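Just below is one structure, and these are the notes that go with it.
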Amino acid sequence: MKIAIVTGKDEGPTKLNAFDNALTDAGIGDVNLIKVSSMLAGNAEISELPKLKAGAMVNCVLSEITSDNPGDEITAVIAVAIGEQLGCVVETTGINKDANDLIDEAKKMVEYMMQKRGVEIKDLIVECSTATVSQTASVVASVVYLNDDIIEG
């Protein structure tokens, strides 16, 4: 199983436009995202996000938050734990919360999920996207599940 971990952030004239712009910034704005739960196959391989086919149906775990309150600091976090038997993904978000606290929260949640399943963590990766809202902003962090059907050419 191959996955890509992406983040994005942007502003827009509306919440929907800000969210769409953040997805585009992350490289996943031209596809249809299908939110899935938090499980990975064992020994999942992380790779760079390839060019995806426009309109492709793409499975992902998505952390996203949008605000139209100027001055808000918004953060989206994704944490990935990979073991030999399986892997787990968690997401969390916050408004005006310390990004490091959110990162720690995500790490603890994903470590607990792996521990509960009796799986040793080989790799633990955490990515986040943070922005200070000017007018209307959105941030995203996502694990994108890759397969040949969604990759362009």
Side-chain angles (χ1 to χ4, degrees), residues 1-68 72 74-95 97 99 102-103 105-117 119 121-131 133 135-153:
M1 167 181 273
K2 288 188 179 183
I3 60 171
I5 302 171
V6 298
T7 62
K9 59 185 171 184
D10 209 342
E11 293 261 343
T14 68
K15 287 183 175 183
L16 177 66
N17 294 128
F19 176 59
D20 181 59
N21 291 343
L23 291 174
T24 300
D25 184 51
I28 53 175
D30 295 337
V31 297
N32 295 294
L33 300 175
I34 302 167
K35 288 174 113 176
V36 297
S37 62
S38 52
M39 302 311 298
L40 301 172
N43 291 319
E45 179 183 328
I46 298 172
S47 60
E48 294 294 315
L49 182 70
K51 175 78 172 144
L52 302 175
K53 292 178 183 175
M57 305 299 276
V58 178
N59 292 324
C60 72
V61 176
L62 181 65
S63 176
E64 55 91 9
I65 191 163
T66 303
S67 172
D68 60 1
D72 276 352
I74 56 176
T75 303
V77 180
I78 200 102
V80 179
I82 298 172
E84 285 187 28
Q85 298 91 347
L86 59 83
C88 295
V89 181
V90 301
E91 70 278 350
T92 192
T93 61
I95 298 177
K97 293 186 177 179
L102 292 168
I103 288 168
E105 175 186 319
K107 282 182 184 176
K108 287 177 185 171
M109 288 189 293
V110 81
E111 288 169 346
Y112 174 82
M113 288 174 71
M114 294 290 278
Q115 178 187 10
K116 187 75 173 166
R117 289 168 171 79
V119 178
I121 298 172
K122 290 176 31 183
D123 292 307
L124 179 61
I125 304 97
V126 180
E127 295 287 340
C128 77
S129 182
T130 299
V133 178
Q135 293 182 354
T136 303
S138 186
V139 293
V140 299
S142 181
V143 170
V144 178
Y145 293 71
L146 301 174
N147 64 63
D148 291 341
D149 293 341
I150 65 170
I151 297 172
E152 190 170 283

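The structure displayed is predicted, hence computed values, not measured ones.
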Could you tell me whether a side-chain N or O of [X] sits under 3.5 Å from a main-chain N or O of [Y], the two making a donor and an acceptor?
X	Y	value
S129	G8	yes
D20	L16	no
T93	A76	no

Does [atom1] in [X] sit with more than 12 non-hydrogen atoms of other residues, nucleotides or ligands closer than 6.0 Å?
X	atom1	result
E152	CD	yes
K2	NZ	no
Q135	CD	no
K108	NZ	no

For [X] against [Y], the heavy-atom pair lying closest together:
X	Y	answer
L49	A26	CD2-O, 3.7 Å
V126	A79	CG2-CB, 3.9 Å
C128	T75	CB-CG2, 4.3 Å
M114	A81	CG-CB, 3.6 Å
A22	D10	N-CB, 3.8 Å

Determine whether [X] and [Y] make a side-chain contact, defined as any pair of heavy atoms from C-beta on separated by less than 4.5 Å.
X	Y	value
N32	M57	yes
L52	D30	no
L124	E111	yes
D68	V133	no
I28	V58	no
I74	K9	no
S63	V61	no
V144	V31	no

Rounded distance (nearest 0.5 Å) linking atom [atom1] of [X] with atom [atom2] of [Y]:
X	Y	atom1	atom2	answer
N147	I3	CG	CD1	13.5 Å
E91	K35	CD	NZ	7.0 Å
S47	I5	OG	CD1	9.5 Å
T66	E11	OG1	CD	10.5 Å
M113	R117	CE	CZ	4.5 Å
L102	T130	CG	OG1	8.0 Å

Can you tell me which residue among V140, V89, L62 is in a side chain to side chain contact (heavy atoms under 4.5 Å, CB included) with I78?
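Among V140, V89, L62, the one that satisfies the side chain to side chain contact (heavy atoms under 4.5 Å, CB included) with I78 is V89.
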Going by the side chain to side chain contact (heavy atoms under 4.5 Å, CB included) test, name the single residue among D123, L146, I125 that passes it with I46.
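Exactly one pass, corresponding to I125.
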Worked check of side chain to side chain donor-acceptor pair (under 3.5 Å) between T7 and E127:
CA-CA 7 Å; T7 62; E127 295 287 340; 5.3 Å; no
